[in-house]
Amino acid sequence: MKQLFFSLFFLSAALSLSANQPQSHAQSQRILILDFQSQYSQLIARRVRELGAYCELHPCSMSADAIRVFAPQGIILSGGPDSTLSVTQDVYNMGCPVLGICYGMQLMAKDLGGAVQAKDAEFGHTQLHIKPSQLFASIETEQLPVWMSHNDQVTQLPDGFEAIAHTDTCPHAAMANSERTLYGLQFHPEVTNTQHGMQMLKNFVIGICNIEPLWQTADIIEESITSIREQIGTDHVLLAVSGGVDSSVVAALLHRAIGDQLHCVFVDNGLLRFDEHKAIDALKNKLGIDVRCVDASEQFLTALQRVTEPEQKRKIIGHQFIAVFEKEAQKIPNVKWLGQGTIYPDIIESAVGGATIKSHHNVGGLPEKMQLKLIEPIKSLFKDEVRKVGVALGLSHEIVYRHPFPGPGLAIRVLGEITPDALHALRQADAIFLEELRTHDLYDSVAQAFAVFLPVKSVGVKGDIRHYGNVIALRAVNTTDFMTANWADLSHEFLTRVANRIINEVSCISRVTYDISSKPPATIEWE
Ligand code: XMP
């Protein structure tokens, strides 16, 4: 996702630093979500943020001491598929309300003396009947559809709890011990299929945990600016911008906070798409940020000559970036910090340990080698929050909603050996595809789209003459998290138009294919 190459460069360092970052007022009122590896854990976090409350997602193995240090005003136990996972028993005695969702509710019931059994599984929409409870405040109806996904259920409530909802087959579809402010929901309030699910979360976060909804875009910006100023003082910061949303938002934030102490570099590594510098021009012209463009294309392309193996390509590109940054940093006096566009999913993807982080993107080592400290102003934000901040800071829709582009760039989209001819053809084909997507108002409806150059030759006919040319594959996917993805069902008419244009306008191409593989098992990029 995004310019992962830059943002994951320093992930391990980022993780170790995160505890030391200053905490804002809006962040001091916080919800802790303990993750039992539900597919919806991140969604719970996003919903809580949408309510204006700051929250963090941590593994369910978080120790009691760490929870105390975190000082949550409320705790949510997520759902999860693995019934062997547990949580510290102290979690119920932290003096703050706890809400268990799905497996989280079952665990709470078991931990506090109730019973859970495999019984009457429910999957999908189910009718729920609710009783009056603070958790259901402002919900006018007594019966509502909710989203269930469970094999086990609570068969006996712990002492002090009452059932506050039931379905036809689940007598304890929600439970409450209002005195101890402990609650459980067998269904998923975080998914939109649950009617009034957001109201239930609001009742818990705002009503029961008493969080003031301070986590709003304008506050995020103001608070980040204050904390950047505190952190940086009179030092200078080097930031590599790529034209993608994350590094652009970091540039805009740092520029507002420290003005001329920020030094942006844009590295042309010879592996960029057609007209890539336009995004940088926008940053310069619209926000008045000075961006130094470094043409390092020859250096990168020479180092990549005859290299065909994808991981080796990534390593070489990583080393070349390091060499360029080192050189640039030496030119600027007083540079002590390296700006970084890490966002929250980058951190939790690796911290939770469930999904595989794209460790191959992380070449590591730069901050120590360059003796720079890291500043990561958007590392507690989700992508949609980053986008809101970008809009509020005056970045254009085009930058804010750009598809992600990998750090190694076209190097991993020219399969096999990278030649100037292949790069040229790929740039042309890619530009045609993206232009057509924009013209047909399809660009924003897919998460990522691009062309890939295949080093195979195939026979075609161009102008009545046999043409033995290369192949371009088109790839367009839909995804929200980039960890899984489906190929985008673009119309035949649209694909025909793009293919015709590519074959007619890109001289060395004789054939165009459309990639209909999903992730997994295929990855989004071809290399
Ligand atoms: P994959 O190919 O792993 O891609 O399904 C998932 C997302 O990550 C991007 N990607 C990369 N980004 N450096 C990056 O900065 C890389 O080496 C890299 N490989 C993949 C990819 O474009 C997609 O958005």
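One-based numbering, in listed order, for ligands and for the atoms of each. Just so it is clear, the structure is predicted and the values come from calculations on it, not from any experiment.
- The atoms of ligand 1 that sit less than 4.0 Å from any heavy atom of K519 are 1 (P), 3 (O), 5 (O), 6 (C).
- Geometrically, ligand 1 and P404 share no nitrogen or oxygen pair separated by less than 3.5 Å.
- The local environment of CZ in F274 is sparse, with at most 12 non-hydrogen atoms from other residues, nucleotides or ligands closer than 6.0 Å.
- Ligand 1 has no nitrogen or oxygen under 3.5 angstrom from a nitrogen or oxygen of R413.
- Within a 6.0 Å radius of CD in E309, other residues, nucleotides and ligands contribute more than 12 heavy atoms.
- Of all the listed residues (R475, R314, K313), R314 holds the heavy atom that lies closest to atom 17 (O) of ligand 1.
- Set against the non-hydrogen atoms of F482, the atoms of ligand 1 under 4.0 Å away are 6 (C), 24 (O).
- Between G407 and ligand 1, a contact under 3.5 Å exists for at least one N or O pair.
- For the residue pair S78/S38, the side-chain donor-acceptor check at 3.5 Å is not satisfied.
- Taking E435 as the reference, R501 meet the salt bridge (Lys or Arg N to Asp or Glu O under 4.0 Å) condition, with sequence neighbours excluded.
- Relative to atom 24 (O) of ligand 1, the option among Q448, E525, H403, E311 with the closest non-hydrogen atom is Q448.
- For ligand 1, the atoms lying closer than 4.0 Å to a non-hydrogen atom of T523 are 1 (P), 2 (O), 5 (O).
- For H58 and F70, the ring centers are positioned less than 6.0 Å apart.
- H440 contributes a side-chain N or O that, together with a main-chain N or O of E436, makes up a donor-acceptor pair within less than 3.5 Å.
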